[in-house]
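Working notes, structure below.
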Amino acid sequence: MNSEVERRKSSLRDEYGFFPNSEELFEYIVSENKGKPPLESEYKREEFLVKGCVSSLWLVPFFDSERNVCHFKSDADSIITRGVASIVCKLYDGLSPEEILSLDPSVLGEVGISSALSPNRRNGLSQLCSRIFSFAKSCSEK
């Protein structure tokens, strides 16, 4: 297994895996994202909107072909969705397409993030991960 992928999983577990309950976990996620600047308005377009989310969620992927890595920006009109999307983008940002495809998003459930979401928000998370994987797959085929 790729060492950077394992490092990312370990880092996620270290930061989010110790909360005793989902309420404290989401309080932390919300507080971590309150001060972050919103996505530039030029990216809040239909083409970047993630379908299947309860709230509006935008995912903006970029591919750096010189370094063979993908980058992701996100924003949402719900603070919880915004926070969860930020965690997902941080997890996958800067990885090669192959590394992204090898990093199973089930690690989000291990730390209680996906399991504590409502079914509708879990669907949105699934759609977000799907979009990231589709983008990585398209980049790996170039």
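Computed from heavy atoms alone, side chains included, the values below leave out hydrogens, waters and symmetry copies. Bear in mind the structure is a predicted one, so any value in this text is a computation, not a measurement.
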Pairing of Lys137 and Glu98 as salt bridge, 4.0 angstrom limit: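 No, no charged N to carboxylate O under 4.0 Å.
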Donor + acceptor pair across side chains of Ser96, Asn68 (<3.5 Å): no
Test log, rule side chain to side chain contact (heavy atoms under 4.5 Å, CB included), inputs Asn21 and Glu24: CA-CA 6 Å; Asn21 59 54; Glu24 288 185 34; 3.5 Å; yes
Side chain to side chain contact (heavy atoms under 4.5 Å, CB included) assessment of His71 paired with Cys89: CA-CA 8 Å; His71 294 286; Cys89 287; over 6 Å; no
Quick one: closest heavy-atom pair of [X] and [Y], and the distance?
{"X": "Pro97", "Y": "Ala136", "answer": "CB-O, 3.2 Å"}
{"X": "Phe63", "Y": "Val69", "answer": "CD1-O, 3.4 Å"}
{"X": "Ser102", "Y": "Val5", "answer": "OG-CG2, 3.7 Å"}
{"X": "Lys44", "Y": "Leu39", "answer": "CE-O, 3.7 Å"}
{"X": "Glu42", "Y": "Arg45", "answer": "O-NH1, 2.7 Å"}
{"X": "Asn123", "Y": "Gly52", "answer": "ND2-O, 2.9 Å"}

Roughly how far, to the nearest 0.5 Å, is the [atom2] atom of [Y] from the [atom1] atom of [X]?
{"X": "Ile100", "Y": "Cys139", "atom1": "CD1", "atom2": "SG", "value": "7.5 Å"}
{"X": "Tyr43", "Y": "Ser74", "atom1": "OH", "atom2": "OG", "value": "13.5 Å"}
{"X": "Ser56", "Y": "Glu46", "atom1": "OG", "atom2": "CD", "value": "9.5 Å"}
{"X": "Trp58", "Y": "Glu47", "atom1": "CH2", "atom2": "CD", "value": "13.0 Å"}
{"X": "Ser11", "Y": "Leu91", "atom1": "OG", "atom2": "CG", "value": "9.0 Å"}
{"X": "Ser134", "Y": "Leu101", "atom1": "OG", "atom2": "CG", "value": "9.0 Å"}

Pro38 backbone acceptor or donor facing Asp75 side chain under 3.5 Å: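 Not confirmed, Asp75 side chain does not pair with Pro38 backbone.
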Heavy-atom donor-acceptor pair, Arg82 side chain to Asp77 backbone, under 3.5 Å: no
Sequence neighbours excluded - ring-ring contact (aromatic ring centres under 6.0 Å, His included) pairs with any residue from residues 76-123: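 For residues 76-123, and leaving out neighbouring residues, the ring-ring contact (aromatic ring centres under 6.0 Å, His included) pairs sorted by first residue read Tyr92-Phe133.
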Evaluation steps, side chain to side chain contact (heavy atoms under 4.5 Å, CB included), between Ser86 and Lys36: CA-CA 10 Å; Ser86 176; Lys36 290 192 177 175; 3.3 Å; yes
Is the shortest heavy-atom distance from the side chain of [X] to the side chain of [Y] under 4.5 Å?
{"X": "Leu12", "Y": "Lys9", "value": "no"}
{"X": "Leu59", "Y": "Phe135", "value": "no"}
{"X": "Pro119", "Y": "Arg122", "value": "yes"}

For residues 104-112, run the donor-acceptor check on the side chains, cut-off 3.5 Å, and write out each pair with its distance to 0.1 Å, sequence neighbours left out.
unit_1	atom_1	unit_2	atom_2	d
Asp104	OD1	Ser106	N	2.8
Asp104	OD1	Ser106	OG	3.3
Glu110	OE1	Arg13	NE	2.8
Glu110	OE1	Arg13	NH2	2.9

Tell me whether [X] shares a hydrophobic cluster with [Y], the cluster being built from Ile, Leu, Val, Met, Phe, Trp, Tyr side chains joined at under 4.5 Å.
{"X": "Ile79", "Y": "Val50", "answer": "yes"}
{"X": "Val30", "Y": "Val88", "answer": "yes"}
{"X": "Val54", "Y": "Ile80", "answer": "no"}
{"X": "Leu49", "Y": "Ile132", "answer": "no"}
{"X": "Ile29", "Y": "Phe18", "answer": "yes"}

More than 12 heavy atoms of other groups within 6.0 Å of Glu40 CD: yes
Lys51 NZ: over 12 foreign heavy atoms closer than 6.0 Å: yes
Pair Tyr28 + Tyr16: ring centers closer than 6.0 Å: yes
Evaluation steps, salt bridge (charged side-chain N to carboxylate O under 4.0 Å, His left out), between Glu15 and Lys90: CA-CA 12 Å; Glu15 186 170 359; Lys90 181 180 170 186; 3.3 Å; yes
Test side chain to side chain contact (heavy atoms under 4.5 Å, CB included) applied to Leu125 and Ile87, Leu117, Asn120, the passing residue: Leu117
Results of side chain to side chain contact (heavy atoms under 4.5 Å, CB included) for Ser115 - residues two or more places apart only: none
